[in-house]
Enquirer: 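This is the structure, below, for whatever I ask next.
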Amino acid sequence: QVQLVESGGGLVQAGGSLRLSCAASGRTVGSYVMGWFRQAPEKEREFVAGSNWSDWNGSSITYYADFVKGRFTISVDNAKNTVFLQMDSLKPEDTAVYYCAARSGLRVSRMDREYTYWGQGTQVTVSS
């Protein structure tokens, strides 16, 4: 099992940046496929980014939703057992609760139902 705790959310103006952190405990993040999702009010939760860091060869493959490509970056710090989501050029439509999630296996999934472990979420609000 792994426990996930997000932090780093807040209020930022459009065009600004935030870095979200997802601290894992229980097992190393390299043991899981890690994903970031978000849920805006009255909308379904949606995939933002994912990484399938491999402890085996020390590399990772990252995936992004089209609406964040070029603006958001997911990264994994195995030494800190933490996953980050760097968010730049934020837009008001990025306002949502952001969740970190983990699933076993090798493949990044864009489906939230395929993730077993979830953090409590962190609120990101982008003002215009």
Side-chain angles (χ1 to χ4, degrees):
Q1 276 194 332
V2 63
Q3 294 77 44
L4 305 173
V5 178
E6 303 99 331
S7 61
L11 173 64
V12 64
Q13 288 188 332
S17 298
L18 283 174
R19 188 173 80 155
L20 305 184
S21 299
C22 173
S25 60
R27 292 190 65 179
T28 62
V29 294
S31 302
Y32 296 94
V33 170
M34 302 301 299
W36 284 98
F37 289 78
R38 71 184 187 186
Q39 187 168 21
E42 300 182 358
K43 290 189 176 181
E44 292 188 352
R45 190 158 52 187
E46 60 184 357
F47 173 82
V48 175
S51 175
N52 61 345
W53 176 266
S54 170
D55 278 336
W56 179 68
N57 61 13
S59 65
S60 66
I61 299 175
T62 56
Y63 300 84
Y64 297 94
D66 287 344
F67 53 78
V68 301
K69 279 183 179 177
R71 299 190 299 126
F72 292 10
T73 303
I74 185 172
S75 61
V76 178
D77 187 329
N78 279 306
K80 297 181 179 179
N81 213 29
T82 300
V83 181
F84 299 99
L85 185 67
Q86 177 67 42
M87 306 187 296
D88 299 318
S89 303
L90 283 162
K91 305 175 182 180
E93 51 264 44
D94 293 319
T95 295
V97 177
Y98 283 71
Y99 297 91
C100 176
R103 67 183 297 266
S104 299
L106 300 176
R107 181 179 58 87
V108 172
S109 172
R110 297 171 185 261
M111 306 298 293
D112 60 354
R113 63 175 180 266
E114 295 190 0
Y115 288 78
T116 305
Y117 305 102
W118 292 84
Q120 82 288 352
T122 185
Q123 175 70 47
V124 171
T125 303
V126 184
S127 63
S128 56

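Numbers here simply count residues along the sequence, with the first being 1.
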Enquirer: Taking only residues two or more places apart in sequence, or in another chain, which ones meet Ala24 in a side-chain contact (heavy atoms from CB on, under 4.5 Å)?
Expert: Val2, Leu4, Val29, Asn81
Enquirer: So do the side chains of Tyr99 and Asp112 get within less than 4.5 Å of each other, counting heavy atoms only?
Expert: no
Enquirer: If you compare all heavy atoms of Ser21 against all heavy atoms of Thr82, which two are closest, and at what distance to 0.1 Å?
Expert: CB-CG2, 4.2 Å
Enquirer: How long is the span from the CZ atom in Phe47 to the OH atom in Tyr64, to the nearest 0.5 Å?
Expert: 9.0 Å
Enquirer: Within the structure provided, determine whether Phe67 and Glu93 are in side-chain contact (heavy-atom separation under 4.5 Å).
Expert: no
Enquirer: Rounded to the nearest 0.5 Å, what's the gap from OG on Ser17 to CZ on Arg71? Could you check?
Expert: 10.5 Å
Enquirer: Taking only residues two or more places apart in sequence, or in another chain, which ones meet Lys43 in a salt bridge (charged side-chain N to carboxylate O under 4.0 Å, His left out)?
Expert: none
Enquirer: Do Leu11 and Val124 sit in the same hydrophobic cluster, where Ile, Leu, Val, Met, Phe, Trp and Tyr count as joined when their side-chain heavy atoms come under 4.5 Å apart?
Expert: no
Enquirer: Is there a donor-acceptor pair under 3.5 Å between the side chain of Thr95 and the backbone N or O of Val126?
Expert: yes
Enquirer: Taking Leu106's backbone N and O only, do any of them form a donor-acceptor pair with Asn52's side chain (distance below 3.5 Å, no angle check)?
Expert: yes
Enquirer: Could you point out which residue of Arg103, Gln3, Met34, Gln1 forms a side-chain contact (heavy atoms from CB on, under 4.5 Å) with Tyr117?
Expert: Gln1
Enquirer: Heavy-atom distance under 4.5 Å between the side chains of Val83 and Leu85, does that happen here?
Expert: no
Enquirer: Is it true that a side-chain atom of Glu6 and a backbone atom of Cys100 form a donor plus acceptor pair closer than 3.5 Å?
Expert: yes
Enquirer: For residues Leu20 and Val5: do they belong to one hydrophobic cluster (side chain heavy atoms under 4.5 Å, members Ile, Leu, Val, Met, Phe, Trp, Tyr)?
Expert: no
Enquirer: Considering all heavy atoms of both residues, which atom of Ser109 and which atom of Tyr115 are nearest to each other, and what is their separation?
Expert: O-OH, 2.7 Å
Enquirer: Output yes when Lys69 and Asp66 qualify as a salt bridge under the 4.0 Å nitrogen-oxygen rule, no when they do not.
Expert: yes
Enquirer: Does the side chain of Arg38 come within less than 4.5 Å of Asp94's, by heavy atoms?
Expert: yes
Enquirer: Any chain of hydrophobic side-chain contacts (each under 4.5 Å) joining Leu90 to Ile74?
Expert: yes
Enquirer: Give, for atom CZ of Arg19 and atom CE of Met87, the distance between the pair rounded to the nearest 0.5 Å.
Expert: 11.5 Å
Enquirer: If you look at every heavy atom in Pro92 and Ser128, which pair is closest and at what distance?
Expert: CG-CB, 3.9 Å
Enquirer: On the 0 to 90° scale, with breaks at 30° and 60°, tag the Trp118-Phe37 ring pair as parallel, tilted or perpendicular.
Expert: tilted
Enquirer: How many angstroms lie between CD in Gln123 and CD in Gln39, if you round to the nearest 0.5 Å?
Expert: 11.0 Å
Enquirer: Is Arg110 reaching over with its side chain to a backbone N or O of Ala49, donor-acceptor style, under 3.5 angstrom?
Expert: no
Enquirer: Mind listing the closest non-hydrogen atom pair of Val48 and Tyr98 along with its distance?
Expert: CG2-CE2, 4.3 Å
Enquirer: Are Leu18 and Phe84 connected in the hydrophobic side-chain network, where two residues link if heavy atoms are under 4.5 Å apart?
Expert: no
